[in-house]
> 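Structure below; questions to follow.
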Amino acid sequence: MRILVANVNTTESMTAAIADSARSVASPGTEIIGITPRFGADSCEGNFESYLAAIAVMDAITSYPEPFDAVIQAGYGEHGREGLQELLDVPVVDITEAAASTAMYLGHKYSVVTTLDRTVPLIEDRLKLAGLAERCASVRASGLGVLELESDPERAVAAIVAQSREAVERDHAEVICLGCGGMADLEESVAAATGVPIVDGVRAAVTIAEGLLRLGLSTSKVRTYATPRPKTVVGWPLNR
């Protein structure tokens, strides 16, 4: 099977890291293809960038020239997963929902540790929309920008570990979800510091996508995610 893993920003090095993380848990025979949008911001840390990313990811996925079996949307928060589900006949898995739903198998309450504080409401809203908020103990910000995860990894680990400890000790979280696609490969460090299961959304999404494909399941098209009705759309990037 071939799974497209779409970065929501335009930073190629982050796309490569996300794809490598996905490959680390992919089954033999599963091909992981990292996708970088052709336009958009170099990191997504607010509503404008998130909505821009939604269009950019739809453009990138629908422009991919080869067949594929599933899509993973590798961004935390609101990046247009529903639009992709309308456009595609294959499973679409969002890493925010993949991490949270996986965490619910592992403990009574989970917390999300993310990047900047301004992204917290976006993640909270996505969890509410997905019906996953009831068992969320907290969404905590590390105070780091997305690109700092790459430029200053030691500081990133320290900040994420500190907030993860707070989530466990103060918020009574029993599982931690790493709240950014760029946090791939931090599970070991955070697990060692907190003693609780750590869920990376990219890796969780790969296992969910593979499971859906093995079960022969995909998005229902009878109502909410039906294929868009034919219309004249002016200036849309997908028209190219």
Side-chain angles (χ1 to χ4, degrees), residues 3 5-6 8 22 25 44-47 49-51 53-54 57-58 61 70-115 117-141 163-164 167-168 170-181 183 187 196-228:
I3 299 176
V5 180
V8 298
V25 295
C44 292
E45 296 166 331
N47 287 288
E49 293 150 4
S50 182
Y51 290 127
V57 168
M58 285 188 279
I61 295 300
V71 173
I72 292 171
Q73 187 171 266
Y76 248 78
E78 174 55 68
H79 301 295
R81 181 264 295 162
E82 295 88 346
L84 277 176
Q85 286 185 296
E86 289 187 7
L87 291 169
L88 304 175
D89 293 322
V90 302
V92 178
V93 182
D94 171 81
I95 67 169
T96 315
E97 298 167 10
S101 58
T102 300
M104 288 165 61
Y105 287 103
L106 305 174
H108 178 63
K109 291 275 190 178
Y110 69 90
S111 284
V112 178
V113 177
T114 188
T115 52
D117 182 65
R118 66 176 295 163
T119 68
V120 169
L122 280 70
I123 294 171
E124 290 175 336
D125 285 351
R126 168 49 68 184
L127 294 173
K128 287 176 186 175
L129 184 64
L132 296 165
E134 188 173 346
R135 286 172 60 186
C136 180
S138 60
V139 180
R140 285 180 164 270
Q163 288 302 316
S164 297
V168 172
R170 294 180 179 271
D171 307 330
H172 306 295
E174 298 174 8
V175 184
I176 298 295
C177 296
L178 299 176
C180 176
M183 291 181 183
E187 296 105 314
V196 302
I198 310 300
V199 182
D200 169 58
V202 173
R203 298 184 188 186
V206 171
T207 62
I208 291 169
E210 288 184 332
L212 291 172
L213 291 170
R214 289 194 190 97
L215 290 168
L217 298 174
S218 190
T219 306
S220 173
K221 306 295 284 185
V222 299
R223 193 182 186 195
T224 307
Y225 304 120
T227 302

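Each residue takes its place number in the sequence, starting with 1.
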> Once you round to the nearest 0.5 Å, how far does CZ of R118 lie from CG of N47?
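One finds 7.5 Å between CZ of R118 and CG of N47.
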
> Test side-chain contact (heavy atoms from CB on, under 4.5 Å) on V92 and Y225; report intermediate values, then the result.
CA-CA 11 Å; V92 178; Y225 304 120; over 6 Å; no

> Measure the CD-CG distance between E82 and L129 for me, rounded to the nearest 0.5 Å.
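Output value for this atom pair is 5.5 Å.
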
> For Q73, which of L84, I95, V93 qualifies under side-chain contact (heavy atoms from CB on, under 4.5 Å)?
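That would be L84.
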
> Tell me, please, which residues at least two apart from E210 pass side chain to side chain donor-acceptor pair (under 3.5 Å).
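Result, side chain to side chain donor-acceptor pair (under 3.5 Å) vs E210: S27, T30.
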
> So, for T227 and K221, which heavy atoms are closest and what is the spacing to 0.1 Å?
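Smallest interatomic distance, heavy atoms only, reads OG1-CE, 3.8 Å.
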
> Partners of R170 by side chain to side chain donor-acceptor pair (under 3.5 Å), sequence neighbours excluded?
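R170: side chain to side chain donor-acceptor pair (under 3.5 Å) contacts with E166.
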
> Considering residues at least two apart in sequence or located in another chain, which fulfil the side chain to side chain donor-acceptor pair (under 3.5 Å) criterion with S138?
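S111, D171.
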
> Between atom OG1 of T119 and atom CD of E124, what is the distance when rounded to the nearest 0.5 Å?
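So the OG1 of T119 and the CD of E124 are separated by 9.5 Å.
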
> First locate atom CG of L178, then atom OG1 of T115, and finally report the distance between them rounded to the nearest 0.5 Å.
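These two atoms lie 12.0 Å from each other.
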
> So do I61 and L87 actually touch side chain to side chain, heavy atoms under 4.5 Å?
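Sidechains of I61 and L87: no contact.
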
> Hey, does V199 have a side-chain heavy atom less than 4.5 Å from the side chain of Y110?
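Result no, sub-4.5 Å side-chain heavy-atom pair not found.
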
> Name all residues meeting the side-chain contact (heavy atoms from CB on, under 4.5 Å) criterion together with P197; count only those two or more places apart in sequence or in a different chain, and write none if there are none.
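Partners of P197 by the side-chain contact (heavy atoms from CB on, under 4.5 Å) criterion, ordered by chain and then number, come out as L106, V175.
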
> Please evaluate residues S164 and I198 with respect to the criterion side-chain contact (heavy atoms from CB on, under 4.5 Å), reporting the C-alpha separation (whole Å), side-chain torsions for both, the decisive distance (0.1 Å), and the verdict.
CA-CA 10 Å; S164 297; I198 310 300; 5.7 Å; no

> Run the salt-bridge test on E97 and R126 with the 4.0 Å N-O cut-off and return the result as yes or no.
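Counted as a salt bridge, because a side-chain N and a carboxylate O are separated by less than 4.0 Å.
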
> In the structure I gave you, are the side-chain heavy atoms of T207 and T102 within less than 4.5 Å of one another anywhere?
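In short, these two side chains do not touch, never coming nearer than 4.5 Å.
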
> Restricting to non-hydrogen atoms, name the atom on L213 and the atom on A70 that form the minimum distance, rounded to 0.1 Å.
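In terms of heavy atoms, the two residues are closest at CD1-CB, 3.9 Å.
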
> Which heavy atom of G201 sits nearest a heavy atom of A98, and at what distance?
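Here G201 and A98 meet closest at O-CB, 4.0 Å.
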
> Holding to side chain to side chain donor-acceptor pair (under 3.5 Å), I want the full list of residues that pass it with Q85, two or more places apart in sequence or in another chain.
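Listed in chain order: R81, T219.
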
> Compare every heavy atom of S101 with every heavy atom of I208, then report the nearest pair and how far apart it is.
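In this case the closest contact between I208 and S101 is CD1-OG, 4.1 Å.
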
> Roughly how far apart are I176 CD1 and D200 CG, rounded to 0.5 Å?
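Taking CD1 in I176 and CG in D200, the distance rounds to 13.5 Å.
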
> Shortest non-hydrogen contact from V120 to A141?
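V120 and A141 have their closest heavy atoms at CG2-CB, 4.1 Å.
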
> Can you measure from CE (M104) to CD (E174) and round to the nearest 0.5 angstrom?
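It is 12.5 Å, given to the nearest 0.5 Å.
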
> Over all heavy atoms of both residues, which pair between P91 and L217 is shortest? Give the atoms and the distance, please.
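In terms of heavy atoms, the two residues are closest at CG-O, 3.4 Å.
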
> Considering residues at least two apart in sequence or located in another chain, which fulfil the side-chain contact (heavy atoms from CB on, under 4.5 Å) criterion with A22?
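Checked A22 against side-chain contact (heavy atoms from CB on, under 4.5 Å); matches are V5, I32, V202, V206.
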
